[in-house]
Amino acid sequence: MIRTVEPSPHVSAPVLAAYSYCEAVTGQQARNFAYGIRLLPTPKRRAMSALYAFSRRVDDIGDGALAADVKSARLESTRALLARVRDGEVDEDDTDPVAVALADTARTFPVPLGGLDELIDGVLMDVRGETYETWDDLKVYCRCVAGAIGRLSLGVFGTEPGARGAERAPEYADTLGLALQLTNILRDVREDAAGGRTYLPADDLAKFGCSAGFDGSTPPEGSDFAGLVHFEVRRARTLFAEGYRLLPLLDRRSGACVAAMAGIYRRLLDRIERDPGAVLRGRVSLPGREKAYVAVRGLSGLDARHVSRQTVRRHT
């Protein structure tokens, strides 16, 4: 069981300033993520912001315009910083606010910092321009860049004492991360193609006549692009169904946070399913009022109760 650790109510001024910096980064760069973590109590919200800010730094290196060898060197420097955090070598007066906040988070919550090493490994896969032949190949990448974040987040959330099946919480968190990442890949298929990246498995692209790629607002001639999207949507829905089994294992506010973030992505998936071509014409997103509805639904516990009922039915 991963128990919630209650943090000390006292946070020094330098650490508080570091967390404030991380929260600003999160609010500016990750609207969907920020929408979810606002449902958490302050210590957990700050910790999640620290995890996001470090992850954002890693992603920005991978997405930048630097040469591949420079990106690789910077990612390894970031890995060295992570090692300093892990070894307790970052003091609260360090000049790097993200490192200060992450170090305090690691002291306060049982976060598996190795997950951030996995994130760096995944971004290095991007830097090397790796492509994926099969879904099993792509899962390795998704587990690095998203499943690991799910497991890190679980370290902040903790599980409810006595929750049945809590030992499987890391597995569910990992799977939910895969669901979110596959949704991201579908949403960003044209943007990624413009950047020279292809994430969808080559086997799937060939099956639906899409091996030529996506360099415009219309699908490749003669392809079954809608069939490809619906195939990947079904895969994502299966992952969501398994990952949602995490919800009943969390306390109410942590569960609400996860339900809000996952709910936003599930609704994006719904939109993509209804109009597959939309991902080639522009970025699919949700209006603020719909995100607010998802947050209220998460706070109400509707999703967690629904998963609990399904789980009970499967065991009776």
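Note that the structure is predicted; figures quoted are calculated from it, not measured.
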Query raised in the report: In Å and rounded to the nearest 0.5 Å, what is the CZ to CD1 distance from Phe54 to Ile149?
Result: 10.0 Å
Report task. Please report the shortest heavy-atom distance between Pro276 and His230, naming the atom on each side. Result -> CG-NE2, 3.7 Å
Query - Close side-chain approach of Val58 to Leu116, heavy-atom, < 4.5 Å - result: no
**Report entry** Pairwise distance CG(Leu205) to CD(Glu133) - rounded to 0.5 angstrom
**Finding:** 9.5 Å
**Report entry** Salt bridge Arg57-Asp60, side-chain N to carboxylate O under 4.0 Å
**Finding:** no
Query raised in the report: Are Arg267 and Asp270 within salt-bridge range, i.e. N to O under 4.0 Å?
Result: no
Query raised in the report: When you check the side-chain N and O atoms of Thr175 and Glu242, is any donor under 3.5 Å from an acceptor?
Result: no
Requested in this report: Taking all heavy atoms of Ala47 and all of Thr105, pick out the closest pair and write down the distance.
Outcome: CA-OG1, 3.4 Å
**Report entry** Nearest non-hydrogen partners of Leu182 and Leu239, listed with the distance
**Finding:** CD2-CD1, 4.3 Å
Requested in this report: Looking only at non-hydrogen atoms, find the nearest pair between Glu118 and Arg143 and report the distance.
Outcome: OE1-O, 4.0 Å
Query raised in the report: So, for Met261 and Leu180, which heavy atoms are closest and what is the spacing to 0.1 Å?
Result: O-CD2, 4.4 Å
**Report entry** Stepwise side chain to side chain contact (heavy atoms under 4.5 Å, CB included) test for Asp94 and Arg84
**Finding:** CA-CA 11 Å; Asp94 193 282; Arg84 288 183 55 220; 3.1 Å; yes
Query raised in the report: Any sub-3.5 Å donor-acceptor pair from Asp251's side-chain atoms to Ser254's backbone N or O?
Result: yes
Report summary line: The reported gap from SG in Cys142 to CD1 in Ile185 (rounded to nearest 0.5 angstrom) is 4.0 Å
Query raised in the report: Backbone N or O of Ser285 within a donor-acceptor pair of the Arg271 side chain at under 3.5 Å?
Result: yes
Requested in this report: Please test Val279 against Phe225 for side chain to side chain contact (heavy atoms under 4.5 Å, CB included), starting from the C-alpha separation and ending with a verdict.
Outcome: CA-CA 11 Å; Val279 298; Phe225 180 71; 3.7 Å; yes
Query raised in the report: Pro219 versus Leu280: any side-chain heavy-atom pair under 4.5 Å?
Result: yes
Query - Distance (rounded to the nearest 0.5 Å) between Arg197 CZ and Glu191 CD - result: 9.5 Å
Report task. Would you kindly say whether Asp126 and Tyr199 are connected by a side-chain donor-acceptor distance under 3.5 Å? Result -> yes
Query - Val15 vs Val100 side-chain heavy atoms within contact, under 4.5 Å - result: yes
Query raised in the report: Heavy atoms, side chains only, cut-off 4.5 Å: are Leu119 and Cys144 in contact?
Result: no
Query raised in the report: Can you find a heavy atom in the side chain of Arg237 that is under 4.5 Å from one in the side chain of Leu269?
Result: yes
Requested in this report: On the 0 to 90° scale, with breaks at 30° and 60°, tag the Phe231-Phe208 ring pair as parallel, tilted or perpendicular.
Outcome: tilted
Requested in this report: Give a yes or no on whether a salt bridge exists between Glu23 and Arg45, defined as a side-chain N under 4.0 angstrom from a carboxylate O.
Outcome: yes
Query - Pair Thr198-Asp192, side chain to side chain contact (heavy atoms under 4.5 Å, CB included): steps then yes or no - result: CA-CA 7 Å; Thr198 301; Asp192 289 333; over 6 Å; no
Report summary line: Value for CZ (Phe109) from CZ (Phe157), rounded to nearest 0.5 Å, stands at 10.5 Å
Requested in this report: Output the distance between atom SG (Cys257) and atom NZ (Lys44), rounded to the nearest 0.5 Å.
Outcome: 9.5 Å
Requested in this report: Quick one: do Asp59 and Tyr52 satisfy side chain to side chain donor-acceptor pair (under 3.5 Å)? Show the steps, please.
Outcome: CA-CA 10 Å; Asp59 285 342; Tyr52 176 82; over 6 Å; no
Query raised in the report: Tell me, which pairs form a salt bridge (Lys or Arg N to Asp or Glu O under 4.0 Å) where one or both residues lie in residues 201-212, sequence neighbours left out?
Result: Asp204-Arg235
Query - All pairs passing side chain to side chain donor-acceptor pair (under 3.5 Å) where residues 65-80 contributes a residue, at least two apart - result: Glu76-Arg79, Arg79-Asp117, Arg79-Asp121
Query raised in the report: Mind checking whether Glu273 and Val229 have side chains closer than 4.5 Å, heavy atoms only?
Result: no
Query - Working for side chain to side chain contact (heavy atoms under 4.5 Å, CB included), residues Cys22 and Arg46 - result: CA-CA 8 Å; Cys22 292; Arg46 288 173 177 162; over 6 Å; no
